[in-house]
Amino acid sequence: MEVTGATQIPAISELAAKAQKAFVDKFGCEPQCAAYAPGRVNLIGEHTDYNEGFVFPMALPQVTVLVGRKSEGNLCRVLTLADSVDAPNYVEFPVPSAETPLKPGTPKWANYVKGVVANYKGTVVPFDAVVISSVPLGGGVSSSASLEVATYTFLDVLTNSGSDISKKDKALACQKAEHEFAGMPCGIMDQFISVMGQEGHALLIDCRSMEGQLVPMNDPNVVVLVTNSNVKHELTGSEYPTRKKQCEVAAQLMNKKSLREATMKDLEEMKSKLDDVTYKRARHVIGEIIRTEEAAKCLELGDYTRFGKLMVESHNALRDDYEVSCPELDELVSAAMEVDGVYGSRMTGGGFGGCTVTLLKKEAVEKAIQHIQKRYSQTATFYVCPPASGAGPLALV
Ligand code: ADP
Ligand code: MG
C-alpha cells in the first residue's frame, strides 16, 4: 500500500537482487542460496518476556536477507551492506571446532552472525555470504534477531537441513547467540516472532510455556503504523540488565519464581518491603502482562478501541513506572493520539528511543503521518506495516 509520507518498504526480492550483485562483486561468483528473516514490532507486552509474561508482536515486512554459497577452505566470510555498523563491514573467521571455538570480538555486528554459527544445531560448513537488511538498525524493531534468524535459516538452506530442529529450538539457539555473543540478556520474543510470524497474524507468546498463539490481524480498514523517532539515547548500556535484576528482586521478595506468578494484590501486600523504584518496576510488569492477554482477546473480537486504550496504558506505564521512554517517544505518542481515527499508540522495543507503534483506521493514516511529523521536534520515519511472515528460504534469480 502506497501512502504519502510513509517510507516504501523494499520487496524481499529487491533486497536479494542487490545482495546478489554485491556478492558477485566481492567474491567473484554467483551465490547459490539465500534466506530471510523479519524484524518485528511488539504491539503490546513490553519488558514482560524476561518475566515469563505475555508478549504480542507481529513480524514486519522489513527483513534481513543473507545470500551466499559454500566455499573452499575453512573460512566463513561475511560482508554486510548495512552502512551504520562498526567498521570493517567485512569479516573472516574459521569454522569453529572443539579446539578452536568461536569467540565474540570486533567488529561488533559480526558477533550476531558468529553467535549463530557457534550455536547452530548442525554441521557448519565454510561459506561466503552477503547480508542486506531493510530493518532499521537499533530502532527497537529487532534488526538483531532478524540478523540472527536470517543467519540460522541461511545455514539451514546452505546445508539442506531445514527441518532438523523445531522452530522453538531454532529461536532459542538464536537467543543464546544474542546472550553469549552480543552480551544482551534478552528474552525470547524477538527470535520467536522472527521464526514463527505469519502473514496477516500477530502472535501472542506465553514466555513461560513458550507457546505461541496466532491471532488474525487482517482487517483491511485497520493499519499498523511504525514511526521511527530516529533517536537513540546513549545510555550506559546497563539499563536492560538493571531492569531485569529489579524484576527478579521484586519476584523473590514476593516469593515468586517470576513476576508472571505475582498479582497486583501480592504486590500491594509487599509494598512496604519494596523500595519505591522496585515497586514501580514490578507494577509495570504485572499490569502489562494483564494488558497483553486482554489486548489479544480484543484483537480477536475486533475491539480496536479497547486495544488502543491498552496500548496507551502500556506506554504510560513504560514512561512512568518502568522509566524506559524518552521525550521524543512521548511526543510521538501524544501527537498520534491527537488524530481522529487513531485507536492507540505506544513506544515499542526496549525504549530510550527507537520506534512507536500506532494502531489506526486506514482512512486516517496519511493525516496521522502529517500531524505527527508536524508536531515532532525531530524528523521521524514512517512505515505502514502489514503483519508479515516469519523466516524462510529464498529463491535466487
Ligand atoms: P535492534 O535489534 O533493536 O535493531 P540492537 O542494538 O539489538 O537493536 O541490534 C542492532 C545491532 O545489530 C547493530 O548495531 C548491528 O551490530 C547488528 N545488526 C543488525 N542488522 C545488521 C545488518 N544488516 N548488518 C550488520 N549488523 C547488523
Ligand atoms: Mg535487538
Side-chain angles (χ1 to χ4, degrees), residues 10 12 15-16 18-19 22-23 34-42 46-47 49-50 55 57 59-60 62-68 77-91 104-117 129-154 171 174-194 226 228-241 324 329 347-357 381 383 391:
I12 300 180
L15 291 175
K18 272 192 191 160
F23 188 96
Y36 77 96
R40 60 98 188 98
V41 65
N42 192 20
E46 215 65 73
H47 289 280
D49 64 346
Y50 54 83
V55 292
L60 288 172
Q62 292 96 321
V63 299
T64 299
V65 172
L66 263 81
V67 306
R77 307 190 295 175
V78 187
L79 171 74
T80 178
L81 302 180
D83 49 18
S84 58
V85 292
D86 50 331
N89 66 350
Y90 172 77
V91 288
T106 53
K108 282 190 183 155
W109 67 265
N111 289 332
Y112 298 88
V113 177
K114 288 182 188 167
V116 171
V117 168
V130 169
V131 182
I132 188 166
S133 188
S134 56
V135 187
L137 270 60
V141 288
S142 211
S143 67
S144 60
S146 77
L147 175 55
E148 290 149 12
V149 175
T151 303
Y152 201 106
T153 310
F154 170 77
C174 291
Q175 180 203 24
K176 196 153 174 257
E178 182 136 354
H179 286 187
E180 291 175 352
F181 279 70
M184 178 62 174
C186 58
I188 63 168
M189 167 169 62
D190 302 357
Q191 293 79 12
F192 266 58
I193 183 66
S194 186
V226 173
N228 194 342
S229 67
N230 291 317
V231 300
K232 185 81 207 157
H233 292 288
E234 280 313 322
L235 301 156
T236 60
S238 66
E239 286 72 22
Y240 189 96
V324 290
L329 291 171
M347 58 155 278
T348 186
F352 307 111
C355 292
T356 63
V357 57
T381 314
Y383 303 94

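On a predicted model such as this, the values are computed, not experimentally measured, just so you know. Start at 1 and go down the list; that is how both ligands and their atoms are numbered.
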* Would you call Val141 and Gln62 a side-chain contact if the rule is heavy atoms closer than 4.5 Å? -> no
* Going by heavy atoms in the side chains, are Glu178 and Ser144 under 4.5 Å from each other? -> yes
* Can you list the residues that meet the side chain to side chain contact (heavy atoms under 4.5 Å, CB included) rule with Ala37, with sequence neighbours excluded? -> Val149, Ala150, Ser194, Ala391
* Leu79: which of Ile132, Val91, Asn89 passes side-chain contact (heavy atoms from CB on, under 4.5 Å) -> Asn89
* To do: Indicate yes or no: at least one non-hydrogen side-chain atom of Lys176 is less than 4.5 angstrom from one of Phe181.
  => no
Could you go through ligand 1 and note, for every N or O atom, any protein N or O atom closer than 3.5 angstrom, writing the atom names and distance to 0.1 Å, or 'none'?
from     : atom 1 : to     : atom 2 : distance (Å)
ligand 1 : 2 (O)  : Ser143 : N      : 3.2
ligand 1 : 2 (O)  : Ser144 : N      : 3.1
ligand 1 : 2 (O)  : Ser144 : OG     : 3.0
ligand 1 : 3 (O)  : Gly140 : N      : 3.1
ligand 1 : 4 (O)  : Gly138 : N      : 2.8
ligand 1 : 4 (O)  : Ser143 : N      : 3.1
ligand 1 : 4 (O)  : Ser143 : OG     : 2.6
ligand 1 : 7 (O)  : Ser144 : OG     : 3.1
ligand 1 : 24 (N) : Thr80  : OG1    : 2.7

* Asked: Got a sec: does the NZ of Lys18 have more than 12 other heavy atoms crowding it under 6.0 Å?
  -> no
* Can you sort out the partners of Lys108 under side chain to side chain contact (heavy atoms under 4.5 Å, CB included), two or more places apart, ordered by chain and number? => Asp86, Asn111
* Asked: Side chains of Gln191 and Cys186: closer than 4.5 Å at any heavy-atom pair?
  -> yes
* For the Mg ion (ligand 2), every protein N/O/S atom that sits closer than 2.8 Å, waters excluded -> Ser144 OG
* Structure fact -> Between the CG atom in Asn42 and the CD1 atom in Ile193, the distance rounded to the nearest 0.5 Å is 9.0 Å
